[in-house]
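Please read the structure below before turning to the comments.
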Amino acid sequence: MSLMAWQKDLLRWFAKNQRPLPWRRHTRPYEVWVSEIMLQQTQVETMLPYFRRWMRLFPTIAALAKSPEKKVLKAWEGLGYYSRARNLHETAKRIVREHGGAFPRDFETILSLKGIGRYSAGAIASIAFNEPRPIVDGNVFRVLSRLYAIKKPIDIPRNREIFWKLEADLIPPNRARLFNQALMELGALVCAAKNPACALCPLQKHCLAFKNDDPEAYPVREKKKKMVKIIAAAVVISRRGDPTGRPHYLVQQRPLGEIMGGLWEFPEWKLAKDTALDPEKIKHLTLRRVLSDFGMESNGLKEMGRIKRNYTHHLETLHVFGVPAHGRGNPAPTGGWPFAWVTPEKFADYPFSSAHAKIANMIPLTPPVATATTSPC
Ligand code: SF4
């Protein structure tokens, strides 16, 4: 199959304009795999420091396999979706056990690995092994739908299959690695969702959406996503925990099997869905939860800040309050979750979700209180 003119233009553009990303240097399967999992719902600029740190901490599949889970989760802290870190860890162990630590080449075997779906398997097979396997992410949907003016709504599963089939048919022989990355790179750097840089695009003269002057009409979607607004509250419960009088803070561990299972957090609750609450009502509801879940009466909450959390279908505002427990007994989660009283210096030992890592950062480090000494006269 000879290359179509647009494929040649795209590959030429990619050769000159691709970003020098670390996993592109050697296209090692371990690096491609980790990068693909980290890039799920995270921008390249955000994940790059995580990727570099991960490779320093776990330079090989074997190193990852033998690291304790707590260290793996800590290295993932801030990227969200912690099941992905757990899957990387479990899969590394399986690769060591069943493949002697070498990433398998066979596509069906790659697909059978935990945490690797059709997209990631296609990325690893094509980028690391140059196998002609399609990958279709948001960038590829956008570029192909515009290039060919495909009006089929992409939120209908059978229509998405059209794109998978088209992309598979378009991969030029022996160029899967470059072609797949080039399509995604064009979507990331030029063919943006809003204000695509058509003037700079190597595909401009081939692009039907550009000819029709309506690139932003693609890709077509049938339904608009409805976003639910959530109001939530988290509390930083403190007490003086040792003879030096330094405050300790209560953190609890989410049970395995729940969302973010195994991670540590400051206690938090969802208070309302799609309902406005005034500040006094938010405080009142939070105090009620502190009493019911920790058996702790408190006469005041100190507002520490607010954190916005955006999920696929939720926009959440998390109100953070400080609650001193001094002289109010020994509060503990009534639900029986593991918990600990921790000084800020020790927070680094506890893997938190990104919101709770932000809460930890709101708490100032407190130097040990100097014990009284007798000065010589
Ligand atoms: Fe996208 Fe514009 Fe290029 Fe078409 S010409 S592929 S719409 S950037």
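Both counts, for ligands and for their atoms, begin at 1 and track the order of listing. We use all heavy atoms of the structure for the numbers below, so side chains are in, but hydrogens, waters and symmetry mates are not.
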Honestly, for Pro215 the part within reach of ligand 1 (heavy atoms, under 4.0 Å) is side chain
The atoms of ligand 1 lying under 4.0 Å from a heavy atom of Gln204, numbered in the order shown, are 5 (S)
For atom 4 (Fe) of ligand 1, the closest protein heavy atom turns out to be Cys207 SG, 2.4 Å
Ala128 and Val32 have their tightest heavy-atom pair at CB-CG2, 4.2 Å
the protein heavy atom lying closest to atom 1 (Fe) of ligand 1 turns out to be Cys191 SG, 2.4 Å
- Task: Indicate whether the side chain of Asn139 and that of Arg142 have a donor and an acceptor atom separated by less than 3.5 Å.
- Result: yes
Heteroatom test (N, O or S) for Cys201 near atom 3 (Fe) of ligand 1, limit 2.8 Å:
yes
Should Trp54 and Trp76 be marked as a ring pair (Phe, Tyr, Trp, His ring centres under 6.0 Å) after you check the CA-CA gap, both sets of side-chain angles, and the distance that decides it? CA-CA 8 Å; Trp54 183 279; Trp76 196 264; 5.7 Å; yes
Short version for Cys198: what comes under 4.0 Å of ligand 1, heavy atoms counted, is both
> Would a distance-only check, ignoring hydrogens and angles, find a side-chain to backbone donor-acceptor pair under 3.5 Å from Lys74 to Tyr350?
Replying inline: yes
ask   = Hey, what's the ring geometry for Phe179 with Trp6, parallel, tilted or perpendicular (30° and 60° as the breaks)?
value = tilted
